[in-house]
Amino acid sequence: MSAPAPFGPGPLFLVQEQGRRSGRDDMELVARRLDSLGHGGRAEINISVPYATAAFSRLDSRRPGYPEARERLAQRGFEPIIRPVGGHLAIYGTGDLVIHLWGRHPSSRLHIRERFLLFGDALSRAFRTLGVDARIGPVPGEYCSGEYSVNDSGRAKLVGTGQRLTKDGYLLSAVVMVEPAEPVREALADAYRSLCLDFRPETVGSVADSVPGVSAADVRRVIASELRALLLPATATLASVAFTSTPARLCS
């Protein structure tokens, strides 16, 4: 019997949620889905539009300036959360996209780099159909720097990606910056200053900054198309479902 592909044996469902999901709700959903993989839970590509979120890392939460940064971002309307991964603060708004891909895999650790590269390449192809000079790799001085970020022309970060492994499978996640980046750029500069972290505001990009007038619906459509092309050979059923979310909850 041949080994499973990097994304697992399938079937894998594509879920394009129609409502918004808060950062806290998003973390809770992902935790439940990852836990379910060991009990027959389905593999899924999940694409959603978030509420405005400030996602700190646990490392950030230990810095002396964290309470001040958290308060400043809450005042700007971003829900502060602490995500259970490394890196540093990432911020996304109500016109951006959050993508999760989770699935069962008996040897997920063997395919970490391959999943990152295949996923990043699919996102880059999607952006290029819109006219963006999309590339894989970090931009010097970018926020929450990552080896497999997707950027525009090597100048500005468009997508941050991360991966998490469990005994039953994996989670691959991405935040796609779609709406004009200036509000996020200003908020990140303010928060990184409080956290005493280096930051170059010009490295914060968005698809709309590169292609004026593009919408989250436009970007979602081309991403879904490229992910279908990438994953259909090794998957079965793809589906779209509606979603009802609770409002964002600011931490007190």
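Excluded from the calculations below are hydrogen atoms, water molecules and symmetry mates; all remaining heavy atoms, backbone and side chain alike, are included.
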Taking the side chain as C-beta and beyond, is there a heavy-atom pair between Val150 and Lys157 under 4.5 Å?
no
Looking only at heavy atoms, the pair that brings Pro50 and Gly93 closest together is CG-O, 3.4 Å
Would you give the length of the straight line joining atom CG of Leu195 to atom OG of Ser57, rounded to the nearest 0.5 angstrom?
8.5 Å
What pair of heavy atoms forms the shortest contact from Ala224 to Gln16, and how long is it?
CB-NE2, 3.9 Å
When you compare the side chain of Val15 with that of Arg42, does any pair of heavy atoms fall below 4.5 Å?
yes
Can you tell whether the side chains of Glu17 and Arg220 come within less than 4.0 Å, N to carboxylate O?
no
Any residue meeting side-chain hydrogen bond (donor to acceptor under 3.5 Å, both in side chains) with Ser206, in chain and number order, not counting sequence neighbours
Asp209
Assess the residue pair Arg104 and Tyr170 against the criterion (side-chain hydrogen bond (donor to acceptor under 3.5 Å, both in side chains)); give the C-alpha distance rounded to whole Å, side-chain angles, the decisive distance to 0.1 Å, and a yes or no.
CA-CA 7 Å; Arg104 295 181 297 277; Tyr170 66 89; over 6 Å; no
So which heavy atom on Leu158 is nearest to which on Ser210, and how close?
CD2-OG, 4.5 Å
Checking the side chain of Arg164 only, and the main-chain atoms of Leu171 only, is there a donor and an acceptor separated by less than 3.5 Å?
no
Side chains of Ser194 and Arg70: does their closest heavy-atom pair fall under 4.5 Å?
no
Which heavy atom of Glu179 sits nearest to which heavy atom of Gly95, and what is that distance?
OE1-N, 3.1 Å
Beyond-backbone contact of Glu44 with Leu12, side-chain heavy atoms, under 4.5 angstrom
no
Listed by chain and number, what are the side-chain hydrogen bond (donor to acceptor under 3.5 Å, both in side chains) partners of His100, not counting sequence neighbours?
Asp26, Ser173
Report yes if the side chains of Glu28 and Val30 come closer than 4.5 Å at any heavy-atom pair, otherwise no.
no
Could you tell me the separation between the CG atom of Leu230 and the CG atom of Leu118, rounded to the nearest 0.5 Å?
5.5 Å
Salt bridge Arg72-Glu68, side-chain N to carboxylate O under 4.0 Å
yes
Would you confirm whether Glu142, through its side chain, and Gly146, through its main-chain N or O, come within 3.5 Å as a donor-acceptor pair?
yes
Would you say the side-chain atoms of Ser225 pair up with the backbone N or O of Val222, donor to acceptor, closer than 3.5 Å?
no
Please walk me through it: do Val175 and Met177 pass side chain to side chain contact (heavy atoms under 4.5 Å, CB included)?
CA-CA 6 Å; Val175 172; Met177 304 302 290; 4.1 Å; yes
If you compare all heavy atoms of Ala43 against all heavy atoms of Pro11, which two are closest, and at what distance to 0.1 Å?
CB-O, 3.5 Å
Any side-chain hydrogen bond (donor to acceptor under 3.5 Å, both in side chains) involving residues 80-98? Give me the pairs, sequence neighbours left out, ordered by first then second residue.
Asp60-His88
Could you pull out all donor-acceptor pairs under 3.5 Å where a side-chain atom in residues 125-140 meets a protein atom, sequence neighbours excluded?
| residue | atom | partner | partner atom | Å |
| --- | --- | --- | --- | --- |
| Arg125 | NE | Glu226 | OE1 | 2.9 |
| Arg125 | NH1 | Asp121 | OD2 | 2.4 |
| Arg125 | NH2 | Glu226 | OE1 | 3.3 |
| Arg128 | NH1 | Ala134 | O | 2.9 |
| Thr129 | OG1 | Ala126 | O | 2.6 |
| Asp133 | OD2 | Arg135 | NE | 3.4 |
| Asp133 | OD2 | Arg135 | NH2 | 2.8 |
| Asp133 | OD2 | Ser153 | OG | 3.3 |

Would you check, one step at a time, whether the test side chain to side chain contact (heavy atoms under 4.5 Å, CB included) holds for Leu117 with Glu114?
CA-CA 5 Å; Leu117 288 173; Glu114 192 173 0; 5.9 Å; no
Give the cluster check for Tyr66 versus Leu59: same hydrophobic cluster or not, with ILVMFWY residues linked at side-chain heavy-atom distances below 4.5 Å.
no
Residues which pass side-chain hydrogen bond (donor to acceptor under 3.5 Å, both in side chains) with Arg155, listed by chain and number, not counting sequence neighbours
Asp152
I'd like to know if Phe116 and Leu110 are part of one continuous hydrophobic network [Ile/Leu/Val/Met/Phe/Trp/Tyr, side-chain heavy atoms within less than 4.5 Å].
no
Just do the side chain to side chain contact (heavy atoms under 4.5 Å, CB included) check on Ile223 and Val219 with the steps written out, would you?
CA-CA 6 Å; Ile223 286 176; Val219 178; 3.6 Å; yes
Under the 3.5 angstrom rule, does the side chain of Ser36 hit a backbone N or O of His39 as a donor-acceptor pair?
no
Can any side-chain N or O of Thr53 pair as donor or acceptor with the backbone N or O of Tyr51 at less than 3.5 Å?
yes
Closer than 3.5 angstrom, by distance alone: can the side chain of Ser108 be matched with the main-chain N or O of Gly169 as a donor-acceptor pair?
yes
Quick one: do Leu188 and Leu89 satisfy side chain to side chain contact (heavy atoms under 4.5 Å, CB included)? Show the steps, please.
CA-CA 8 Å; Leu188 278 170; Leu89 170 67; 4.1 Å; yes
Atom pair CG (Leu73) and CG (Asp190), whose distance is rounded to the nearest 0.5 Å
7.0 Å
Quick one, Pro180 and Glu182 - any side-chain contact, counting heavy atoms below 4.5 Å?
no
Taking the six-membered ring for Trp and the full ring for Phe, Tyr or His, determine whether the centres of Tyr143 and Tyr192 are under 6.0 Å apart.
no
Closest contact, heavy atoms only, Trp102 versus Arg33:
CZ2-CG, 3.2 Å
So how far is it from Ile99 CD1 to Leu172 CG, rounded to the nearest 0.5 Å?
9.0 Å
Check whether any side-chain heavy atom of Leu101 sits under 4.5 Å from a side-chain heavy atom of Phe7, and report yes or no.
yes
Using modelled atom types only, decide if a donor and an acceptor are shared between the side chain of His105 and the backbone of Ala5 within a distance under 3.5 Å.
yes
How many angstroms lie between CD1 in Ile112 and OH in Tyr148, if you round to the nearest 0.5 Å?
9.0 Å
Asp35 and Arg32 ion-paired at < 4.0 Å
no
With rounding to the nearest 0.5 Å, note down the distance linking SG in Cys144 to CG in Leu197.
10.5 Å
Using a 4.5 Å cut-off on heavy atoms from C-beta on, say whether the side chain of Leu123 contacts that of Val159.
yes
Short side-chain to backbone donor-acceptor contact, Glu79 and Gly77, under 3.5 Å:
no
For salt bridge (Lys or Arg N to Asp or Glu O under 4.0 Å), just list the numbers for Arg113 and Glu147, CA-CA rounded to whole Å, side-chain angles, deciding distance to a tenth of an Å, and then say yes or no.
CA-CA 10 Å; Arg113 178 177 170 80; Glu147 182 179 354; 3.5 Å; yes
Would you please name every residue forming a side-chain hydrogen bond (donor to acceptor under 3.5 Å, both in side chains) with Ser215, sequence neighbours left out?
Asp218
